[in-house]
Amino acid sequence: MSNTYSNLVITLTGPSGTGKNTVSNMVMERDEKVKYFITATTREPRSYEKEGVDYYFLTKEEFEKRLDEDAFLEWSRHYGNYYGALKEELHKKMQAGFDPHTDITYSGAKAIRDYMPENTITILLMPPSLEALDERMAKRKKISGEQDDQQRVRLQKVREDMIHWKDPEYIFTNDDMKGSKLSDYDYVVVNRDVEEAVQNILDILRVERQKREF
Ligand code: ADP
């Protein structure tokens, strides 16, 4: 299918706790063209979660049917539940004139870029230091459902990545950025100060839209 969209598709990747959620919400508040790309899951909705707002909640059977139909850009399984990004959600948002946006792992960002190469802008969000990341992780305390061992392994990988991340040959190992290196992303934004990081992303979007006007 030929791609006639001029919209941007924006992916934000970075280690857990780096501020993706915070920055992403502020970008969407200030740029009303940018809209959350809602993903699908088979896990139970939490009390505050709404169908079609936080996720598309599917039964296991529905999800597997959609898998057979090749309806997903990318999918994975965690703790017995399926998670996936539906192609139709991307089309729906773009047809409505929005720039779909999601925070996603590198493999997810890559799948989106492979599907919409001319539209996709991949952004890597990094914390300014290991200490800042530790503080944010402690502040957030959101590491739910994980065993201590898994958590330790995950944090160790983030630490290694933080030490080497500017090395052009270094391949990231933590789950969110696994298999990628710095040059695989279109832009790198350091989340030192939230206001500054949000402004940098808004500037990136402005420039990328201008490029597509010609
Ligand atoms: P992620 O979505 O990447 O896992 P969050 O957006 O949940 O990260 O942020 C983790 C924590 O760090 C939150 O408590 C958030 O308020 C805080 N935080 C985010 N950006 C900054 C920043 N630039 N400086 C200080 N704290 C921040």
Side-chain angles (χ1 to χ4, degrees), residues 9-31 34-41 43 45-50 53-55 74 76 78-79 81 83-85 99-110 112 121-148 150-166 172-182 184-205:
V9 179
I10 308 134
T11 65
L12 194 61
T13 303
S16 193
T18 198
K20 296 185 296 293
N21 207 2
T22 312
V23 167
S24 154
N25 285 332
M26 286 171 71
V27 167
M28 286 189 284
E29 262 169 37
R30 294 186 197 182
D31 186 332
V34 182
K35 278 274 184 303
Y36 188 51
F37 176 171
I38 304 158
T39 55
T41 183
R43 81 150 165 72
R46 300 192 179 120
S47 58
Y48 54 88
E49 288 177 331
K50 290 196 175 66
V53 176
D54 299 286
Y55 278 103
E74 207 242 355
S76 60
H78 295 293
Y79 306 109
N81 290 312
Y83 295 82
D99 292 346
H101 162 66
T102 179
D103 68 62
I104 196 163
T105 59
Y106 175 68
S107 63
K110 192 164 172 291
I112 292 177
I121 310 296
T122 58
I123 303 174
L124 174 65
L125 189 71
M126 290 302 274
S129 65
L130 258 175
E131 292 71 28
L133 187 66
D134 284 345
E135 273 170 33
R136 288 174 204 178
M137 292 287 271
K139 197 160 118 193
R140 203 186 53 163
K141 284 201 186 111
K142 198 182 107 182
I143 312 160
S144 56
E146 253 187 344
Q147 303 300 313
D148 280 355
Q150 287 175 307
Q151 199 184 104
R152 215 173 300 119
V153 170
R154 192 156 71 88
L155 287 175
Q156 183 53 34
K157 286 180 180 172
V158 174
R159 299 191 83 81
E160 282 171 29
D161 287 346
M162 282 300 296
I163 292 166
H164 301 290
W165 74 279
K166 287 182 185 157
F172 296 123
T173 58
N174 97 73
D175 290 346
D176 297 305
M177 307 183 297
K178 200 169 184 170
S180 64
K181 54 183 189 227
L182 208 59
D184 288 326
Y185 299 88
D186 296 316
Y187 296 95
V188 180
V189 172
V190 176
N191 182 17
R192 197 169 291 109
D193 169 75
V194 192
E195 274 298 326
E196 184 196 26
V198 169
Q199 195 52 55
N200 282 338
I201 294 176
L202 294 173
D203 289 343
I204 291 168
L205 302 185

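What you see below is based on every heavy atom in this structure, not just the backbone, and it leaves out hydrogens, waters and symmetry mates. As the structure lists them, so they are numbered: ligands from 1, and atoms in each ligand from 1.
- Not close to ligand 1: Gly14, with no non-hydrogen atom less than 4.0 angstrom away.
- Checked by atom type, the side-chain pair Asp186/Thr122 shows a donor-acceptor distance below 3.5 Å.
- No part of Glu135 comes within 4.0 Å of ligand 1, judged by heavy-atom distances.
- We find that Lys157 and Asp176 are not joined by a salt bridge, their nearest charged nitrogen and carboxylate oxygen being 4.0 Å or further apart.
- Between the choices Val23, Asp193, Val194, the shortest heavy-atom distance to atom 21 (C) of ligand 1 belongs to Val194.
- Annotation: salt bridge (charged side-chain N to carboxylate O under 4.0 Å, His left out) contacts of Glu195 (sequence neighbours excluded): Arg30.
- Atom numbering of ligand 1 starts at 1 in the shown order; those under 4.0 Å from a heavy atom of Ser16 are 4 (O).
- Looking at Glu49 and Arg43, a side-chain N of the basic residue comes within less than 4.0 Å of a carboxylate O on the acidic one, giving a salt bridge.
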